[in-house]
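Below is one structure, written out as structure tokens; the observations come after it.
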Protein chains: 2
Amino acid sequence: MGLTKTEIFTDAQNEIALFAKVIGHPARVAILQQLFKLDTCFCGDLVDEIGLAQPTISQHLKELKHLGLIKGTVEGTSVYYCINKTNWLKMKTVMRQFLDQDLPDNVECC
Amino acid sequence: MGLTKTEIFTDAQNEIALFAKVIGHPARVAILQQLFKLDTCFCGDLVDEIGLAQPTISQHLKELKHLGLIKGTVEGTSVYYCINKTNWLKMKTVMRQFLDQDLPDNVECC
DNA sequence: ATTATTAATCGTAATATTGCAATATATAAA
DNA sequence: TTTATATATTGCAATATTACGATTAATAAT
């Protein structure tokens with residue numbers, strides 16, 4: 001096992017989970033916050049800013065890129081990363097819809 | 001390793017990651033959606049609704065309970081679960097603040 | 001051409017997660 | 001008291017994740 005049974009859930013449920021999962025690590029949270037703060041950021045800056053080894057940061061960046069939340073552009077020997085606004089907005093919409101579900105006020109809960 | 005270095009991140013970053021992580025599995029997404037839909041839900045209903053074994057569901061419920069997103073009340077041999085409104089709102093606030101960060105419109109991104 | 005710089009990839013160790021069968025626990029019903 | 005029902009816990013196997021040292025790749029500078 002150790003393998004999520006994605007096939008028994010709806011696409012929407014899997015999408016929410018995937019987005020949430022990528023946010024589910026403080027290093028990736030920190031990277032995203034940096035990219036928002038600085039608009040664009042060289043990979044090396046992130047390694048300096050966050051206290052993790054370069055390969056570790058690179059790996060987290062890869063995951064964020066894979067989900068489309070960031071873009072990377074090569075410039076010389078450096079790569080600068082930035083938020084992919086379109087996909088960030090998409091994630092925001094998906095997550096907000098999930099978070100905003102609510103119980104009717106009158107319902108008495110346990 | 002395989003061990004997240006939480007100590008190098010801020011409390012806020014770790015909190016965001018923890019909340020996101022618990023949503024980062026479709027079974028827990030499905031459970032939460034059911035609890036919102038039905039207001040309150042017997043554990044057995046969840047096992048029937050979602051196609052996972054009873055111990056697996058029980059484990060996911062435990063994680064959700066541990067983070068305070070749901071409450072469980074024993075009634076006879078059954079346990080009924082429901083959303084913990086207060087903590088759900090707290091998570092919503094934390095996550096929304098993270099998701100709502102934005103780049104200035106005028107900034108040109110890569 | 002050689003060397004320096006930057007980031008990605010590979011390989012690997014440690015730990016975490018997912019899922020379930022088997023079992024335990026606890027209450028309800030007979 | 002015995003039996004049925006519902007949920008939690010235990011133990012375990014399979015897989016995933018996290019982290020990093022070593023290496024590679026690719027460009028820039030000398």
Side-chain angles (χ1 to χ4, degrees), chain A residues 1-9 13-14 17-31 34-35 40-67 70-82 110, chain B residues 1-9 13-14 17-31 34-35 40-67 70-82 110:
Chain A
M1 287 89 216
L3 177 82
T4 298
K5 284 190 161 179
T6 52
E7 70 277 7
I8 65 170
F9 301 102
Q13 286 165 341
N14 284 315
L18 274 180
F19 278 134
K21 198 175 179 183
V22 84
I23 314 264
H25 192 288
R28 293 191 290 267
V29 169
I31 288 170
Q34 273 291 307
L35 294 184
T40 166
C41 201
F42 282 90
C43 178
D45 295 343
L46 292 166
V47 175
D48 292 342
E49 188 68 29
I50 303 166
L52 290 171
Q54 179 266 320
T56 308
I57 296 291
S58 197
Q59 200 173 290
H60 284 303
L61 286 168
K62 195 176 169 185
E63 283 177 72
L64 289 167
K65 209 162 92 180
H66 186 252
L67 223 80
I70 62 173
K71 292 186 280 190
T73 312
V74 180
E75 178 146 325
T77 62
S78 303
V79 178
Y80 58 92
Y81 284 98
C82 66
C110 57
Chain B
M1 285 92 216
L3 178 82
T4 298
K5 285 191 161 178
T6 52
E7 70 276 10
I8 66 170
F9 302 102
Q13 287 165 340
N14 284 315
L18 273 180
F19 278 135
K21 197 174 177 183
V22 85
I23 314 263
H25 191 289
R28 292 189 292 266
V29 169
I31 289 171
Q34 273 291 307
L35 294 184
T40 167
C41 202
F42 282 89
C43 179
D45 295 344
L46 292 166
V47 175
D48 292 342
E49 187 68 28
I50 303 167
L52 290 172
Q54 179 267 319
T56 308
I57 296 292
S58 195
Q59 197 173 292
H60 285 303
L61 286 168
K62 197 177 170 184
E63 284 177 72
L64 289 167
K65 208 162 93 181
H66 186 253
L67 222 80
I70 63 173
K71 292 187 280 190
T73 310
V74 181
E75 179 146 324
T77 63
S78 303
V79 178
Y80 58 91
Y81 285 98
C82 66
C110 58

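Each chain gets a letter, A, B and so on, in the order the sequences are listed, and its residues count up from 1.
- Between the NZ atom of Lys71(A) and the P atom of dA7(C) there is a distance of 19 Å, given to the nearest Å.
- Here Leu52(A) lies in heavy-atom contact (under 4.0 Å) with sugar-phosphate atoms only.
- Rounded to a whole Å, the CD atom of Gln54(A) is 14 Å from the P atom of dC10(C).
- In terms of heavy-atom proximity, Gly76(B) sits nearest to Val74(B) at O-CG1, 3.5 Å.
- Atom-to-atom, CD1 of Ile57(B) to P of dA6(D) comes out at 16 Å; the value is rounded to the nearest Å.
- With sequence neighbours excluded, no residue satisfies side chain to side chain donor-acceptor pair (under 3.5 Å) with Gln34(A).
- Rounded to whole Å, atom P of dT17(D) lies 11 Å from atom NE2 of His25(A).
- When heavy atoms are screened at a 4.0 angstrom cut-off, Glu75(B) is found touching no nucleic acid atom at all.
- Atoms CD1 (Ile50(B)) and C1' (dC20(C)) sit 16 Å apart, rounded to a whole Å.
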Distances for protein N/O vs nucleotides 11-14 of chain C N/O pairs under 3.5 angstrom?
from, atom 1, to, atom 2, distance (Å)
dA13(C), N3, Met1(B), N, 3.1
dA14(C), O4', Met1(B), N, 2.7
dA14(C), N9, Met1(B), O, 3.3
dA14(C), N3, Met1(B), O, 2.0
dA14(C), N3, Gly2(B), N, 3.2

Worked check of side chain to side chain contact (heavy atoms under 4.5 Å, CB included) between Phe9(A) and Ile50(B): CA-CA 8 Å; Phe9(A) 301 102; Ile50(B) 303 167; 3.7 Å; yes

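- The shortest distance between the side-chain N/O atoms of Tyr81(B) and the OP1/OP2 oxygens of dA8(D) is below 4.0 Å.
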Set out, line by line, the N/O atom pairs under 3.5 Å between protein and nucleotides 3-6 of chain C.
from, atom 1, to, atom 2, distance (Å)
dT6(C), O4', Thr77(A), OG1, 3.3

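- Looking at residues two or more places apart in sequence or on another chain, you find a side-chain contact (heavy atoms from CB on, under 4.5 Å) between Lys5(B) and Leu52(A), Glu7(B), Ile8(B).
- Along DNA chain D, the nucleotide nearest to Thr4(A) and the one nearest to Pro55(A) differ in position, and the one closer to the 5' end is contacted by Thr4(A).
- For the pair Leu46(B) CG and dA8(D) C1', the computed distance is 15 Å after rounding to whole Å.
- Comparing dC20(C), dA8(C), dG19(C) against the side chain of His60(B) picks out dG19(C) as the nearest.
- Between the NZ atom in Lys21(B) and the NZ atom in Lys21(A) there is a gap of 10.5 Å [rounded to 0.5 Å].
- Each of Phe9(A) and Lys62(A) lies near DNA chain C, and the nucleotide nearest Lys62(A) is the one positioned closer to the 5' end.
- Rounded to whole angstrom, the span from the NE2 atom of His66(B) across to the P atom of dT9(D) amounts to 12 Å.
- Residue pairs meeting the salt bridge (Lys or Arg N to Asp or Glu O under 4.0 Å) criterion with at least one member in residues 52-64 of chain B, sequence neighbours excluded, are Arg28(B)-Glu63(B).
- Remark: Leu35(B) CG to Leu64(B) CG distance equals 8.0 Å, nearest 0.5 Å.
- Here Ser58(A) pairs with Gln54(A) under the side-chain contact (heavy atoms from CB on, under 4.5 Å) rule; sequence neighbours left out.
- In this pair, His25(A) and His60(A) present their aromatic rings tilted. The plane angle is within the 30 to 60° band.
- Annotation: of the two residues near DNA chain D, Thr56(B) and Val74(A), the 5′-most nearest-nucleotide partner is Thr56(B).
- Closest to the Lys21(B) side chain, of the nucleotides dA22(D), dA16(C), dA19(D), is dA16(C).
- One interatomic measurement links the two molecules: CD of Glu7(A) to C1' of dT18(C), which rounds to 12 Å at whole-angstrom precision.
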Assess the residue pair Leu61(A) and Tyr81(A) against the criterion (side chain to side chain contact (heavy atoms under 4.5 Å, CB included)); give the C-alpha distance rounded to whole Å, side-chain angles, the decisive distance to 0.1 Å, and a yes or no. CA-CA 9 Å; Leu61(A) 286 168; Tyr81(A) 284 98; 3.5 Å; yes

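- The side chain of Ser58(B) lies closest to dA8(D), out of dC20(D), dT9(C), dA8(D).
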